[in-house]
Structure formats: structure tokens, C-alpha cells
> 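Questions regarding the structure given below will be posed in turn.
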Amino acid sequence: MLFSPAYLSTLIVRPLRYFFETQAPEDLRWDQDDKKSQIEIDTINNFNKVKVEAKPRILVSRGQYSVNPVGLTDNLAQGKGIWEMKGSTNKVNMVTIQGVAQIMVEARNEGTCERVLDFAQHFLAWTSPMIAEAHGFKQFGLPLNISTCNPTKEDTEIFQCTINLPWYREEHWTVKSDDVSIKNFILTLKPAP
């Protein structure tokens, strides 16, 4: 199954928006209409869409990830032997992909930052099994690592916390070839005299 980590931010933003739209208190309610919304929830590439002093915000980044081999035989997960296949190839290969998405919570005051963080971390911890199952993750969201709430500077002083959300997936692909045709092609290639 093919997976692109580029879509990971969206897989986190959409459930967070749903939660803050339907379950959050009125002063932290998310709405599709920017004028009605009391919080911004978006991907990190929309960092300066709304100034933080106007509304608290949750910004999601896909974070760093790694692609890892799983076997000594070119990541072979499943296949038949050369004698059974009579020289052809038909096998399934696999790699594991694991990473840590980053969720940044920012607010004008520390209390608001801690409140938004508390809602977000509880929601993510409670729904991580559903998100994992719905999108084919082997592991998603737990254990969550949460930073302290630190003051920082943008235009004015703001408070910022980070949630590191680990995830783990397997990626499988099939390798099929007609080795006889490839061998015939290679044999027709001869160096120029």
C-alpha cells in the first residue's frame, strides 16, 4: 500500500477541526468561517495567515520521517523460489516508514495555551486507535511527547507548546517481471564494432 507522508498534516488537521468545531467550549470553537472561528487550526505552511494575538492557533507539520529496510534480501516480504517461478520474478517487498508529526500550539497567554494543549492532547490520545485503523497505520499517536509551555517572540510575546506525535507504517509493493523477455532484450544489445 502506497503512503505519502506529505498528506500526514491533513490527516491530523481534519480531526482536530472536527473536535474543536463540535466539542470545544465557545471561546475555543473552530468554524470554517474565519470571522466566526475562535481558533485557527491549519498546517504549518499557513503559519502567518492569522496573527497569534488575535486567536490561539494549532499548526501541524508532518515532521521528520525515515524509511527503513526490513530484510536482508532486498526487503523481500513474500515470494516464491527461482525453481518454482522458472526464472521469472513475482515477489512482494516491504519497507517500514516511521516518523514524528509535530503539532504546535500557540496563544497570547499561558493559560489559553495550556487549555488548547490539554484539549488537543486528550483528543489525539483518545482517537489515535481510530485514526490508525482508518488510515492503515501500525502505530499512531502514542506515546505522545508534550513540551512545556514556553514564552517566545513573534511580533509580541506569545506562549508555545509542541506535541510530538509518533507514527509507524508498512509499505508493500509487488515486483513482477518476465525475465525471459528481459534476457532476450539484453542479448540483442551488442557493442558497436
Side-chain angles (χ1 to χ4, degrees), residues 3-68 96-169:
F3 169 71
S4 175
Y7 297 111
L8 189 65
S9 296
T10 303
L11 296 181
I12 299 168
V13 166
R14 291 182 71 202
L16 282 171
R17 283 180 174 173
Y18 172 79
F19 173 75
F20 278 89
E21 182 178 27
T22 61
Q23 303 300 316
E26 283 296 323
D27 63 328
L28 293 175
R29 188 71 44 103
W30 181 85
D31 195 289
Q32 206 167 5
D33 182 356
D34 286 338
K35 290 180 175 68
K36 293 180 184 176
S37 188
Q38 300 300 310
I39 188 169
E40 180 188 3
I41 303 171
D42 215 331
T43 59
I44 196 78
N45 61 343
N46 291 324
F47 187 82
N48 290 314
K49 191 167 86 173
V50 174
K51 288 197 173 273
V52 75
E53 57 266 13
K55 300 176 187 180
R57 62 185 174 195
I58 299 173
L59 300 170
V60 180
S61 167
R62 71 162 170 79
Q64 183 174 334
Y65 66 93
S66 63
V67 180
N68 304 299
T96 60
I97 307 171
Q98 62 185 25
V100 178
Q102 294 176 326
I103 301 165
M104 188 170 32
V105 176
E106 293 182 331
R108 184 70 178 92
N109 63 54
E110 185 179 13
T112 303
C113 188
E114 290 286 4
R115 258 179 92 210
V116 173
L117 175 71
D118 187 55
F119 285 130
Q121 73 91 28
H122 276 96
F123 175 72
L124 291 167
W126 295 343
T127 59
S128 63
M130 288 188 298
I131 294 171
E133 185 177 341
H135 298 289
F137 290 93
K138 296 292 181 188
Q139 173 194 354
F140 184 87
L142 295 173
L144 290 174
N145 291 308
I146 301 161
S147 75
T148 59
C149 196
N150 296 314
T152 185
K153 289 268 187 203
E154 192 175 88
D155 291 335
T156 59
E157 188 173 84
I158 60 172
F159 289 88
Q160 185 178 75
C161 298
T162 304
I163 301 172
N164 288 324
L165 188 143
W167 56 272
Y168 178 84
R169 278 186 70 108

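Each residue takes its place number in the sequence, starting with 1. The model shown is predicted, which means the values in this text are computed figures rather than measured ones.
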> Using only atom types and a distance under 3.5 Å, with no angle test, would you say the side chain of T148 pairs donor to acceptor with the backbone of N150?
no
> Hey, are the side chains of S9 and I44 touching, using non-hydrogen atoms and a 4.5 Å cut-off?
no
> Got a second to check how far L59's CG is from Q102's CD, nearest 0.5 Å?
11.5 Å
> Mind checking side-chain hydrogen bond (donor to acceptor under 3.5 Å, both in side chains) for N164 and listing every partner two or more places apart, or none if nothing turns up?
none
> Can you check whether L8 reaches F140 side chain to side chain, under 4.5 Å on heavy atoms?
yes
> Going by side-chain hydrogen bond (donor to acceptor under 3.5 Å, both in side chains), name the residues that satisfy it together with S37, two or more places apart in sequence or in a different chain.
none
> In this structure, which one of I163, L11, L165, V13 forms a side-chain contact (heavy atoms from CB on, under 4.5 Å) with V60?
V13
> Are W167 and Y65 side-chain neighbours, meaning at least one heavy-atom pair lies under 4.5 Å?
yes
> Take a 6.0 Å sphere around CD of Q139 and say whether it holds more than 12 heavy atoms from other residues, nucleotides or ligands.
yes
> Atom CG of L144 and atom CD of Q121: how far apart are they, to the nearest 0.5 Å?
6.5 Å
> Please identify each residue that fulfils side-chain hydrogen bond (donor to acceptor under 3.5 Å, both in side chains) with N145, with sequence neighbours left out.
none
> Side-chain contact test, heavy atoms from C-beta onward, threshold under 4.5 Å: evaluate it for P143 versus P166 and give yes or no.
yes
> Find out whether F20 and V116 are in side-chain contact, i.e. whether some heavy atom of one side chain is under 4.5 Å from a heavy atom of the other.
yes
> Could you list all the salt bridge (charged side-chain N to carboxylate O under 4.0 Å, His left out) pairs where at least one residue sits in residues 117-126, not counting sequence neighbours?
none
> Considering non-hydrogen atoms only, spot the tightest contact between A107 and C113 and give its length.
CB-N, 3.5 Å
> So, using side-chain hydrogen bond (donor to acceptor under 3.5 Å, both in side chains) as the criterion, who are the partners of E26 when residues are at least two apart?
R29
> Tell me, do D42 and R17 make a side-chain contact under 4.5 Å, heavy atoms counted?
yes
> Can you sort out the partners of D27 under salt bridge (Lys or Arg N to Asp or Glu O under 4.0 Å), two or more places apart, ordered by chain and number?
R115
> Let me confirm one number: the OG-CD distance from S66 to Q98, rounded to the nearest 0.5 Å.
4.5 Å
> Just wondering, do P15 and I131 contact through their side chains at under 4.5 Å, heavy atoms?
yes
> Just how far is it from atom NZ of K36 to atom CD of E21, taken to the nearest 0.5 Å?
10.5 Å
> Say you draw a straight line from CG of N109 to SG of C149; how long is it, rounded to the nearest 0.5 Å?
9.0 Å
> To check you understand the geometry: which heavy-atom pair defines the closest contact between F137 and R169, and what is its length?
CD2-CG, 3.3 Å
> Say you draw a straight line from CD of E106 to OG1 of T162; how long is it, rounded to the nearest 0.5 Å?
8.5 Å
